[in-house]
Amino acid sequence: MAGATTFHIGIDHAHRFESKAATRETPVVKWLILGISLTFFVVFLLMPLIAVFVEAFRKGWETYLTALVEPDALSAIKLTILAAVISVPLNLVFGVCAAWAIAKFEFRGKQFLITLIDLPFSVSPVIAGLVFVLLFGAQGWFGSWLSDNDIRIIFAVPGIVLATLFVTFPFVARELIPLMQAQGREEEEAAVVLGARGFQTFWYVTLPNIKWGLMYGVILCNARAMGEFGAVSVVSGHIRGQTNTLPLHVEILYNEYQFAAAFAAASVLAVLALVTLVIKTWVENRAAQSHKDSNRDDAS
Amino acid sequence: MAATKTFRVLPGFNITLGFTLAYLSLIVLIPLSAVFLKTTSLSFAEYWHVVTAPRVVATYKLSFGLSLVAAAINSVFGLMLAWALVRYSFPGKRLVDALVDLPFALPTAVAGIALTALYAKNGWIGQYLDPLGIQVAFKPLGILVALVFIGLPFVVRTVQPILEDLDTELEEAATSLGAHRWQTFRHVILPILLPALLTGFALAFARAVGEYGSVIFIAGNIPMVSEITPLMIITKLEQYDYAGATAIATVMLMLSFTLLLIINGLQAWTSKRTGRDR
């Protein structure tokens with residue numbers, strides 16, 4: 001399912017199409033397309049975002065801050081960060097390994113392996129949670145062994161980490177695989193022939209070429225890890241102060257009709273989303289810049 | 001082939017592929033296989049009874065039907081938005097372009113409560129729709145709104161790069177041969193975009209079918225009326241009916257796997273049609 005979030009270099013093309021009569025629409029058509037698409041944008045994307053902040057501050061700053069510093073909210077924030085801190089690096093290491101094996105070598109079943117890596121994206125988050133309940137829940141395969149040994153996975157932190165690992169599994173790999181495939185292997189082969197060791201080759205030759213794609217994958221992975229709701233909801237058990245992540249905390253407050261507090265917690269997640277988009281845009285601009293620079297170097 | 005297999009210049013093949021396969025099995029394949037093994041605890045008659053119960057069938061109709069409608073709406077408006085972003089200059093364009101990815105970045109629970117607040121009877125949008133007799137929140141229409149929200153970037157982001165790669169020469173040739181702008185779009189541009197547009201449609205549909213977080217707040221969740229399939233799985237789990245939950249999950253998984261194959265095929269078609277790599 002690559003293609004949707006895949007790294008794309010942000011270069012403005014409008015002047016190319018606007019400068020020629022053959023690629024322009026009549027002003028009426030142009031303003032109609034702009035009007036309809038921007039109205040759609042405002043209604044479906046911009047207004048929900050603004051609503052989060054307006055609802056969060058509806059009862060003033062004091063209520064807002066109180067909602068964020070109460071112990072349950074703080075422990076939810078801590079658990080959310082913990083889940084991301086564990087799952088993002090693991091999936092980063094996996095993504096780099098998978099991309100190295102797939103992009104730099106030929107082997108049978110490669111295309112099938114790529115499809116399998118994309119699998120978690122096409123599975124409903126609810127099912128992602130369900131699979132771990134089936135494995136580690138009280139009635140699960142390892143359920144009785146776990147309870148004999150007094151290990152809790154479901155309705156505890158390990159379950160939340162596992163569910164997060166599952167749903168964020170493909171993010172880094174799917175950014176790096178096409179990128180590293182496009183770059184080929186000549187540079188690395190040259191490095192090895194000149195005597196570089198494997199890790200030196202990766203660190204000094206491959207990494208500078210893939211750093212923007214890597215960052216892109218990591219921030220999207222992190223956003224999903226911190227924001228996951230469905231999968232985590234199934235395995236969490238919703239124990240306040242213990243197994244509540246921030247998105248689950250939002251749900252609990254909302255269902256208790258504490259709307260201002262729910263939106264206050266939601267606004268923290270919305271800020272996180274905005275920061276993600278800012279970094280993402282910055283990475284795209286930097287990549288476009290270095291793309292332009294390397295083209296200029298090639299030309300001179 | 002034999003030579004490349006025996007002699008590899010680059011190091012690390014065995015260790016990276018080994019780790020990839022081990023990690024993939026541990027996190028994804030073994031857990032997913034648990035779903036299919038668990039269903040074997042039911043006889044086929046029991047399985048069939050669970051997955052074709054009227055309340056469950058009603059959830060399929062709702063989830064699949066609304067997901068199709070949402071993906072269709074996204075294909076139309078997503079294409080227009082991608083067109084505007086690629087071809088026109090307007091103030092705030094960079095901001096619009098960046099915010100298109102909001103549904104990827106915004107946690108689904110946040111989207112869910114925000115949309116509910118907007119479309120409730122006293123909400124910013126709901127207050128204008130209510131006098132017209134249109135109720136969105138806590139009705140199937142609300143589910144549609146949430147599914148449109150989460151699916152939009154899939155269409156925009158698959159169509160946008162193809163639009164950017166289009167050469168102006170094609171349209172100039174069509175115009176010089178006497179084609180109207182609409183004819184050029186219909187017969188020259190659309191055939192090039194079609195594979196990507198279908199990919200975006202399929203991606204949006206696949207995401208919408210499995211969506212949970214943004215839907216449950218706005219849906220109302222009334223059995224037979226506004227209950228989606230993922231919620232049905234949760235309901236069964238809360239009743240400790242693990243076998244029932246798993247049976248419904250296999251139906252969804254089979255649909256997801258089919259969609260995944262279709263999407264892979266569509267992407268191969270896109271690269272063939274446009275000469276792009278993935």
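So that the names make sense, note that chain A is the first sequence line, chain B the second, and so on, each numbered from 1.
- Not counting sequence neighbours, the partners of B/Thr229 by the side chain to side chain donor-acceptor pair (under 3.5 Å) test are B/Thr59, B/Ser63.
- Both the backbone and the side chain of B/Thr246 have a heavy atom closer than 4.5 Å to some heavy atom of chain A.
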Could you give me the CA-CA distance, side-chain angles and deciding distance for A/Leu130 and B/Lys236, then say whether side-chain contact (heavy atoms from CB on, under 4.5 Å) is met?
CA-CA 11 Å; A/Leu130 169 74; B/Lys236 296 257 179 204; over 6 Å; no
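- Side-chain contact, A/Thr23 with B/Glu172: no donor N or O sits under 3.5 Å from an acceptor N or O.
- When all heavy atoms are compared, the tightest approach of A/Leu34 to B/Ala84 is CD2-CB, 3.9 Å.
- Taking 4.5 Å as the limit, every side-chain heavy atom of B/Val28 sits out of range of all side-chain heavy atoms of A/Leu116.
- Neither the backbone nor the side chain of A/Leu248 has a heavy atom closer than 4.5 Å to any heavy atom of chain B.
- In terms of heavy-atom pairs under 4.5 angstrom with chain B, the leader among A/Glu55, A/Arg185, A/Met47 is A/Met47.
- For B/Pro11 against A/Phe105, the heavy-atom pair with the smallest separation is O-CZ, 3.6 Å.
- Among B/Leu170, B/Leu266, B/Leu253, the residue making the largest number of heavy-atom pairs under 4.5 Å with chain A is B/Leu253.
- With a 6.0 Å radius and a threshold of 12 heavy atoms from other residues, nucleotides or ligands, B/Leu261 has its CG atom above the threshold.
- Taking each heavy atom of B/Pro107 and A/Leu269 in turn, the nearest pair found is CG-CB, 3.7 Å.
- By number of non-hydrogen pairs under 4.5 angstrom with chain A, the leading residue of B/Asn14, B/Thr108, B/Val148 is B/Val148.
- For B/Phe13 and A/Phe107, the gap between ring centers is short of 6.0 Å.
- Only the side chain of A/Phe169 comes within contact range of chain B, judged by heavy atoms closer than 4.5 Å.
- Counting only N and O atoms by type, the side chains of B/Tyr240 and A/Gln139 include no donor and acceptor under 3.5 Å apart.
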Determine, step by step, whether A/Leu165 and B/Tyr23 satisfy the side-chain contact (heavy atoms from CB on, under 4.5 Å) criterion, reporting the C-alpha distance in whole Å, the side-chain angles of both residues, the deciding distance to 0.1 Å, and the verdict.
CA-CA 11 Å; A/Leu165 273 175; B/Tyr23 189 72; 3.3 Å; yes
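- The side chain to side chain contact (heavy atoms under 4.5 Å, CB included) with B/Pro31 is formed by just one residue from the set A/Leu134, A/Val133, A/Val131; it is A/Val131.
- Residues B/Leu37 and A/Trp141 are in side-chain contact: their nearest non-hydrogen atoms beyond the backbone lie under 4.5 Å apart.
- For chain A, the nearby part of B/Leu237 is the side chain; its heavy atoms alone come within less than 4.5 Å.
- No side-chain heavy atom of A/Ser122 sits under 4.5 Å from any side-chain heavy atom of B/Leu259.
- To the nearest 0.5 Å, the span separating CZ on A/Phe166 from CG on B/Leu32 amounts to 4.0 Å.
- With hydrogens and angles disregarded, no donor-acceptor distance shorter than 3.5 Å links the side chain of A/Thr276 to the backbone of B/Ala105.
- Only the side chain of B/Tyr119 comes within contact range of chain A, with heavy atoms under 4.5 Å apart.
- Most heavy-atom pairs under 4.5 Å with chain A, from the set B/Leu81, B/Ile234, B/Thr168, B/Ile189: that is B/Thr168.
- Counting heavy-atom pairs closer than 4.5 Å to chain B, the top-ranked of the candidates A/Gly198, A/Cys97, A/Gly227, A/Gly95 is A/Cys97.
- For chain B, the option among A/Val42, A/Asn255, A/Leu90 with the highest count of heavy-atom pairs below 4.5 Å is A/Leu90.
- Of the atoms belonging to A/Leu135, it is side-chain heavy atoms, and not backbone ones, that fall under 4.5 Å from chain B.
- Heavy-atom pairs under 4.5 Å with chain A peak, among B/Ile125, B/Thr116, B/Val86, B/Leu163, at B/Val86.
- Of the candidates A/Glu25, A/Arg24, A/Glu18, A/Glu25 is the only one forming a side chain to side chain donor-acceptor pair (under 3.5 Å) with B/Tyr88.
- Of the atoms belonging to B/Ile15, not a single heavy atom falls under 4.5 Å from chain A.
- Between B/Phe217 and A/Phe229, the ring planes are tilted. Angles from 30° to 60° get that label.
- In this structure, the portions of A/Ile33 lying under 4.5 Å from any heavy atom of chain B include both its backbone and its side chain.
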Please assess B/Leu203 against A/Phe121 for the test side-chain contact (heavy atoms from CB on, under 4.5 Å), listing each intermediate value before the final yes or no.
CA-CA 10 Å; B/Leu203 287 168; A/Phe121 274 150; over 6 Å; no
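- For B/Val145, the parts lying near chain A are the backbone and the side chain together; criterion is any non-hydrogen pair under 4.5 Å.
- Ring-centre distance between B/Phe77 and A/Phe40: below the 6.0 Å cut-off.
- When heavy atoms are compared at a cutoff of 4.5 Å, B/Leu29 approaches chain A solely by way of its side chain, counted from C-beta outward.
- Most heavy-atom pairs under 4.5 Å with chain A: of the set B/Arg181, B/Lys38, B/Met80, B/Glu171, this distinction falls to B/Arg181.
- Of the two parts of A/Phe132, only the side chain, counted from C-beta on, holds a non-hydrogen atom closer than 4.5 Å to a non-hydrogen atom of chain B.
- Only the side chain of B/Thr175 comes within less than 4.5 Å of a heavy atom in chain A; its backbone stays farther off.
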Applying side-chain contact (heavy atoms from CB on, under 4.5 Å) to A/Leu119 and B/Phe257, what does each step give before you reach the verdict?
CA-CA 8 Å; A/Leu119 207 54; B/Phe257 295 160; 3.4 Å; yes
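- Chosen from A/Ile36, A/Val275, A/Val250, the residue pairing most often with chain B at heavy-atom distances under 4.5 Å is A/Ile36.
- Taking all atoms of both residues into account, the shortest heavy-atom contact from A/Leu45 to B/Leu99 is CD1-O, 3.8 Å.
- Heavy atoms of B/Ile216 lying under 4.5 Å from chain A belong exclusively to its side chain.
- Taking chain A as the reference chain and counting heavy-atom pairs below 4.5 Å, the highest number among B/Ile248, B/Leu231, B/Ile113, B/Leu115 is found for B/Ile113.
- Taking both residues in full, the closest heavy atoms of A/Phe17 and B/Leu166 are given as CZ-O, 3.7 Å, listed atom of the first, atom of the second, then distance.
- Of the atoms belonging to B/Ala111, not a single heavy atom falls under 4.5 Å from chain A.
- Of the possible donor and acceptor atoms, one in the side chain of A/Arg16 sits under 3.5 Å from a partner among the backbone N and O of B/Glu164.
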